[in-house]
Amino acid sequence: MDLNRLWQNTQEEFKIAVSEATYQGILAQTRLVSLKNNIATIGCSNTYFCELIEKRYYSLIKEVIDRQTKKNNSLVFVVDFQEKKEKKEKLGPLFKIKKTLSFDKKNNGFSSETGLLPYYSLDTFVVGPANNFAHAAALGIIKNPGGAYNPFFVWGGVGMGKTHLIQAIGNAITEQHPQLKILYIAAETFTNELVSALQNKTITKFKKKYRTCDVLLVDDIQFIAGKEYSQEEFFHTFNNLYLSGRQIILTSDRKPEEIQPLEDRLISRFMGGLTVDIQPPDFEMRLAILKQKSKERNISVPEETLSFLAETIKSNARELEGALSQLVNKAQSSNQEITPDYARTLFGFKKKQLRRISSRSVLAKTANYFSFKTKDLCGKSRKAELVIARHIAMYLLRKDLSLPLVKIGELLGGKDHTTVIYAIGKVEKQFSVNQNLRHQITTIRKSLR
Ligand code: ADP
Ligand code: MG
């Protein structure tokens with residue numbers, strides 16, 4: 001098979017294996033320079049990409065090339081100047097700003113009728129393993145408000161996209177069901193309005209406002225914890241709407257049962273419908289979010305810098321967005337070219353986050369979480385709980401450490417690499433629908449940092 005054909009087939013497989021953003025931004029920028037004596041030399045456009053691709057995608061590229069050539073190959077990554085030169089000519093200057101960053105506040109203000117911000121849309125909401133369950137439920141609600149998912153309770157840490165998601169649901173319902181009355185409110189505003197209504201003796205008006213809508217979206221409901229009067233009023237509002245089949249959507253920074261102090265009757269109401277969580281985004285989602293934000297703001301930042309940010313800032317979408325703005329603004333004002341090195345000077349303090357986690361600690365922490373010994377985790381027993389723990393360890397070794405499949409198999413008691421692929425696939429599939437599993441993985445991940 002000639003090199004071009006082989007690489008074309010390989011690229012087709014990459015498209016299936018990774019997200020669109022990763023493919024376009026990273027893997028599509030590579031070239032098979034040569035394949036001799038079972039050594040495949042892969043050309044990348046610069047040293048940063050060489051390191052990134054080797055670290056993250058070595059085993060994927062190897063698997064695909066091995067399958068195509070039916071041989072066991074090794075990979076070498078080189079900076080491919082020829083490729084770089086061609087691309088520079090095609091792309092022109094590396095960095096340009098086409099428009100100012102800020103939104104036009106006048107056109108994007110809250111709607112006084114619904115409290116919604118029109119620019120929050122599902123079209124700009126990046127979906128990945130961390131939030132696809134919440135996204136799927138959102139689509140169901142938009143189709144049939146007041147249907148099966150009522151109330152819909154979304155929880156997750158700050159900056160995970162809860163407000164974006166529920167605002168987008170509100171906007172989509174406004175569009176698709178114009179006859180419905182929609183109301184979005186932050187729980188804090190609900191409380192403040194209630195206090196003024198009591199002071200001004202306008203409580204009847206207040207009650208009417210909240211009890212006559214068809215879709216009520218309350219953001220950050222944890223705010224009513226410890227506020228007796230707000231809880232009382234919200235309980236009656238909730239019942240009123242719920243019993244007449246209206247849709248209620250709530251967000252919170254924690255699960256219903258962890259909102260304290262909160263009356264039990266409210267906790268059980270909140271849990272009576274569909275409760276989903278949004279988890280921190282993985283690398284591919286972070287990269288996709290950065291691309292989405294660059295696109296929305298009409299700025300172009302080189303791929304390698306976006307991947308650097310996605311690698312470095314792992315917490316949440318809000319921080320990613322903040323870092324992107326900061327980077328672009330600073331580069332603009334100091335007339336600097338945006339490169340990973342420049343980004344590193346700004347976010348150098350984040351380097352600590354890049355600390356490498358060892359495979360030994362992944363095994364130890366996973367075993368510890370399930371109260372097993374590492375020796376048993378890496379052993380042969382087929383006890384159900386051990387098998388699950390083993391699958392999770394394989395998943396983490398692959399996702400967080402990018403270890404080759406063969407190496408993972410070796411670490412976990414000499415399993416074949418196809419067993420490892422099967423296990424990781426199984427966890428991946430379950431990750432978006434099984435909250436218990438997601439919780440287990442998140443807890444183990446936290447203990448590794
Ligand atoms: P939360 O309400 O969970 O604290 P927000 O909804 O305010 O988070 O999100 C913070 C910022 O990150 C917003 O600008 C939002 O548009 C963006 N964001 C969060 N998640 C996503 C996502 N999945 N796709 C695109 N943008 C996102
Ligand atoms: Mg919010």
Side-chain angles (χ1 to χ4, degrees), residues 103 105-120 141-142 145-147 149-155 158 162-254 256 259-273 275:
F103 282 106
K105 286 264 168 8
K106 255 189 224 146
N107 296 332
N108 288 291
F110 285 92
S111 144
S112 53
E113 210 176 305
T114 60
L116 292 169
L117 282 160
Y119 62 74
Y120 280 121
I141 292 168
I142 293 163
Y149 307 138
N150 202 17
F152 179 44
F153 190 103
V154 186
W155 66 274
V158 294
K162 303 180 295 295
T163 299
H164 186 140
L165 180 67
I166 74 161
Q167 283 262 351
I169 297 175
N171 284 323
I173 297 180
T174 311
E175 232 179 83
Q176 295 181 28
H177 308 271
Q179 76 287 6
L180 297 183
K181 192 172 161 210
I182 296 158
L183 208 52
Y184 166 92
I185 184 109
E188 185 173 0
T189 315
F190 180 87
T191 298
N192 293 343
E193 281 188 15
L194 177 63
V195 173
S196 344
L198 289 168
Q199 282 169 350
N200 304 330
K201 306 204 170 16
T202 50
I203 192 77
T204 320
K205 199 172 146 207
F206 175 88
K207 286 188 189 212
K208 192 169 162 223
K209 173 176 171 189
Y210 289 103
R211 295 182 194 186
T212 53
C213 59
D214 299 299
V215 180
L216 180 64
L217 306 135
V218 185
D219 210 354
D220 290 316
I221 191 69
Q222 79 279 353
F223 188 82
I224 67 168
K227 300 188 176 60
E228 270 173 44
Y229 212 87
S230 293
Q231 291 188 28
E232 172 80 20
E233 184 51 36
F234 191 69
F235 179 74
H236 294 298
T237 306
F238 186 104
N239 284 346
N240 230 283
L241 295 175
Y242 181 76
L243 293 173
S244 52
R246 323 286 177 83
Q247 178 72 50
I248 300 156
I249 302 179
L250 307 168
T251 73
S252 160
D253 65 358
R254 61 207 87 159
I259 305 178
Q260 289 294 341
L262 184 70
E263 292 174 20
D264 287 346
R265 57 181 186 166
L266 272 174
I267 298 180
S268 66
R269 288 291 184 287
F270 292 174
M271 290 167 56
T275 306

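Throughout, numbering of the chain's residues begins at 1 and tracks the sequence.
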How far does [atom1] of [X] sit from [atom2] of [Y], to the nearest 0.5 angstrom?
X      : Y      : atom1 : atom2 : result
Ile182 : Glu113 : CD1   : CD    : 9.5 Å
Ile203 : Leu194 : CD1   : CG    : 5.0 Å
Lys205 : Asn200 : NZ    : CG    : 9.5 Å
Tyr242 : Asn240 : OH    : CG    : 14.0 Å

Practice item. Run the numbers on Gln247 and Asp214 for side-chain contact (heavy atoms from CB on, under 4.5 Å), then give the verdict. Key: CA-CA 6 Å; Gln247 178 72 50; Asp214 299 299; over 6 Å; no
Tell me, yes or no, whether the heavy-atom count around [X] atom [atom1], taken from other residues, nucleotides or ligands under 6.0 Å, exceeds 12.
X      : atom1 : result
Lys181 : NZ    : yes
Phe235 : CZ    : yes
Gln260 : CD    : yes

Mind listing the closest non-hydrogen atom pair of [X] and [Y] along with its distance?
X      : Y      : answer
Gly146 : Asn150 : CA-ND2, 4.1 Å
Ile221 : Phe270 : CG1-CZ, 3.8 Å
Leu116 : Gly170 : CD1-C, 3.5 Å
Pro256 : Leu262 : O-CD2, 4.4 Å
Cys213 : Leu241 : O-CD2, 3.4 Å
Lys162 : Asp220 : CE-OD1, 4.5 Å

Practice item. Step by step, work out the side chain to side chain donor-acceptor pair (under 3.5 Å) result for Arg269 and Asn239. Key: CA-CA 9 Å; Arg269 288 291 184 287; Asn239 284 346; 2.9 Å; yes
Could you pull out all residues at least two apart from [X] that satisfy side-chain contact (heavy atoms from CB on, under 4.5 Å)?
X      : answer
Asp264 : Ile267
Arg254 : Gln222, Ser252, Glu258, Ile259
Ser268 : none
Asp219 : Thr163, Ile166, Tyr184, Thr251

Backbone N or O of [Y] within a donor-acceptor pair of the [X] side chain at under 3.5 Å?
X      : Y      : result
Thr202 : Leu198 : no
Ser244 : Arg246 : no
Gln231 : Leu266 : no
Thr189 : Ile185 : no

Review point. If you look only at pairs with a residue in residues 185-201, which of them pass as a salt bridge (charged side-chain N to carboxylate O under 4.0 Å, His left out), with sequence neighbours excluded?
Key: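 Passing the test, one end in residues 185-201: Glu193-Lys209.
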**Study point:** Pairs meeting criterion salt bridge (charged side-chain N to carboxylate O under 4.0 Å, His left out) with involvement of residues 229-243, two or more places apart
**Key:**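 Residue pairs with at least one partner in residues 229-243: Lys207-Glu233, Arg211-Glu233, Glu232-Arg265.
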Check your understanding: Phe234 and ring-ring contact (aromatic ring centres under 6.0 Å, His included): which partner among Tyr229, Tyr210, Phe190?
Key ->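 In the set Tyr229, Tyr210, Phe190, the residue that makes a ring-ring contact (aromatic ring centres under 6.0 Å, His included) with Phe234 is Phe190.
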Mind checking whether [X] and [Y] have side chains closer than 4.5 Å, heavy atoms only?
X      : Y      : result
Thr191 : Ile224 : yes
Leu183 : Thr114 : no
Pro151 : Ile249 : no

